[in-house]
J.: 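Can you keep this structure in mind? I'll have questions shortly.
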Amino acid sequence: MADNTNNDHINAPIVIIGGGAGGLELATKLGRYYKKRQQRVVLVDQNRTHIWKPLLHEVAAGALDSEIDGVDYLAIAHKNGFTFQLGTMIDLNRESKTAYLAPLIDDAQQLVLEKRELNYSKLIFALGSITNDFGTEGAAQNCIFLDSPKSAQNFHTLLLNEFLKLQDDTSKDTLEISIVGAGATGVELSAELYKTTELLKTYGYTHLHNYRLKVRIIESGPRLLPALPERIANSTQIELEKLGVEIILNTFVTKVEATGLHTKDGNFIKSNISVWAAGIKAPEFLQGLAGLETNKINQLVVNQDLITTLDDSIYAIGDCAHCIMPDGSKVPPRAQSAHQMASNVFTNIKNAEQGKELKPYLYVDYGSLVSLSTYSTIGSLMGNMTKGSMFIEGRLARIVYISLYRMHQMVIFGKAKTLLIMLVNKLNKRLRPNLKLH
């Protein structure tokens, strides 16, 4: 392992690339810890605001307004003692400990900032993941990937336009939406779409009915939610089929067109809107970046201290990290993994500063939950209290599901402000529309 320590970078900032669940939590903790010290902390993200990624399907369906519910990075940085830089990392020089940010271009294609350099003492990649279309022909051009608030909002605008067409033309039978992939994103989005239809009826879309919306989930495997326990998958399938979701299993999509999807068995599935949610990978630019070790889906390979295998000043956490546990299992790409990794790196940065031994990261599975809008929530809890796995559903499961997001907010805002946010949200339910209508 290369030791890149040099005196020129003793006072260089700790740089975090990516402000998702793990990156923002780590920046907040480090910012507070170093707030009255010389050590600076810099967070870099290509977006100005943060939305918790597990909620992007709600942005897409209109249940959440990213413009109102998003967290402003600059405001959080100011409050918690770190610096935010808007930008996208494109290169790395490990010898000089320099990260390079791409030129910043606005929506009118005008140059805002030239290419920038950021020196670092420690570099933490927390970039999350993007959708993996596995090179399927036409998928990139004809499918929506729910990777960011912008893509989720684009889907929402397209959805509203399609509902307008349906409302205006009563002779048109149905709006057909195909979701490729039966993981949590695809499953939760399908339920939210039926809720959106119900809510639009209350806002004057009198011709809309659930039978005029046809949502299909297409999965190459034998069941829904392949990463979760089978009991959760079976219960989820029952609930989705009650709503009217058509579930097509053991089916490979080989080509996507604007009007639908071709399958390996020769069938064509008609679709007005297609969403690809079938797999993940880390951003492409990480592949072989500055000679760092990566796996086949671009994730940075790390040891149990979450330090990259070839450079002890570079860490990776969350979905962009390939981390193997002592039992040989791979840490799954979940929000709870990113949260735990952020806490572990925070502890180890302090330990290293104080000359203490680093604490190996050990993933703890606290269970899995799937939210089917307001219809149902299904999942399992794991831990010492349950002595294994406990299946839960309904109101209790919904409370636990929401509490995961509240935990994320408490790290960022603190307990007092999170309680105020919860109060404001209750008031907004009476003051604001139940659905984003634009």
Side-chain angles (χ1 to χ4, degrees), residues 1-20 22-23 26-27 29-30 34 39-45 82 85 87-102 115-129 281-325 330-331 337-338 340-363:
M1 183 180 294
D3 183 359
N4 291 329
T5 304
N6 63 66
N7 293 331
D8 294 337
H9 290 84
I10 288 175
N11 293 319
I14 297 171
V15 176
I16 302 165
I17 307 295
L26 180 58
K29 289 182 174 183
L30 288 171
Y34 288 115
Q39 178 64 63
R40 293 187 300 124
V41 178
V42 177
L43 175 66
V44 178
D45 197 274
F82 66 91
Q85 285 210 31
T88 303
M89 184 177 170
I90 54 171
D91 206 354
L92 170 67
N93 186 320
R94 288 166 51 204
E95 275 191 30
S96 64
K97 287 191 171 182
T98 306
Y100 298 92
L101 304 185
K115 181 179 178 180
R116 288 159 287 161
E117 299 180 2
L118 270 178
N119 290 330
Y120 63 86
S121 56
K122 287 184 174 60
L123 180 66
I124 299 106
F125 285 99
L127 285 163
S129 60
K281 61 182 178 180
E284 297 286 354
F285 92 97
L286 287 178
Q287 184 63 50
L289 177 68
L292 294 172
E293 185 182 2
T294 52
N295 65 6
K296 64 181 180 180
I297 57 170
N298 311 324
Q299 292 173 314
L300 292 165
V301 180
V302 297
N303 59 30
Q304 269 209 272
D305 299 325
L306 302 177
I307 297 172
T308 54
T309 53
L310 300 177
D311 195 319
D312 58 8
S313 63
I314 300 178
Y315 296 73
I317 65 174
D319 291 2
C320 72
H322 174 82
C323 184
I324 302 297
M325 292 290 95
K330 182 182 175 182
V331 177
S337 308
Q340 293 173 27
M341 286 177 163
S343 296
N344 184 268
V345 170
F346 173 63
T347 297
N348 280 344
I349 287 176
K350 291 191 301 177
N351 285 353
E353 180 185 66
Q354 298 164 9
K356 296 180 180 178
E357 188 176 346
L358 300 186
K359 177 185 176 183
Y361 169 66
L362 185 64
Y363 171 67

J.: Taking side-chain contact (heavy atoms from CB on, under 4.5 Å) as the criterion, tell me which of Leu358, Leu306, Ile307 meets it with Asn348.
T.: Leu358
J.: Taking all non-hydrogen atoms of both residues, which atom of Asn295 and which atom of Gln287 are closest, and how far apart?
T.: O-OE1, 3.3 Å
J.: Is the shortest heavy-atom distance from the side chain of Val301 to the side chain of Thr294 under 4.5 Å?
T.: no
J.: Got a sec, which pairs hit salt bridge (Lys or Arg N to Asp or Glu O under 4.0 Å) with one end in residues 286-310, sequence neighbours left out?
T.: none
J.: Looking only at heavy atoms, which two atoms of Ser121 and Ala12 are closest? And how far apart?
T.: OG-O, 3.1 Å
J.: Going by heavy atoms in the side chains, are Val302 and Tyr361 under 4.5 Å from each other?
T.: no
J.: Specify the closest pair of heavy atoms between Ala99 and Met89, including all atoms of both residues, with the distance to one decimal.
T.: CB-CE, 4.0 Å
J.: Should Met325 and Leu362 count as side-chain neighbours, where that means a heavy-atom distance under 4.5 Å?
T.: yes
J.: Heavy-atom distance under 4.5 Å between the side chains of Ile314 and Tyr120, does that happen here?
T.: yes
J.: Tell me, please, which residues at least two apart from Lys356 pass side-chain hydrogen bond (donor to acceptor under 3.5 Å, both in side chains).
T.: Gln354
J.: List the residues meeting side-chain contact (heavy atoms from CB on, under 4.5 Å) with Ala290, not counting sequence neighbours, and say none if there are none.
T.: Leu92, Arg94
J.: Locate the shortest heavy-atom distance separating Gly87 from Arg116; write the atom from each residue and the value.
T.: CA-NH2, 3.6 Å
J.: Any side-chain heavy atom of Thr98 within less than 4.5 Å of one from Leu118?
T.: no
J.: Are any non-hydrogen side-chain atoms of Gln39 and Ile14 less than 4.5 angstrom apart?
T.: yes
J.: Is Asp45 reaching over with its side chain to a backbone N or O of Gly19, donor-acceptor style, under 3.5 angstrom?
T.: yes
J.: Decide whether a cation-pi geometry holds between Lys122 and Tyr315; the criteria are a distance under 6.0 Å from NZ or CZ to the six-membered ring centre and an angle within 45° of the ring axis.
T.: no
J.: How close do Asn351 and Lys359 get, counting heavy atoms only, and between which atoms?
T.: ND2-N, 4.3 Å
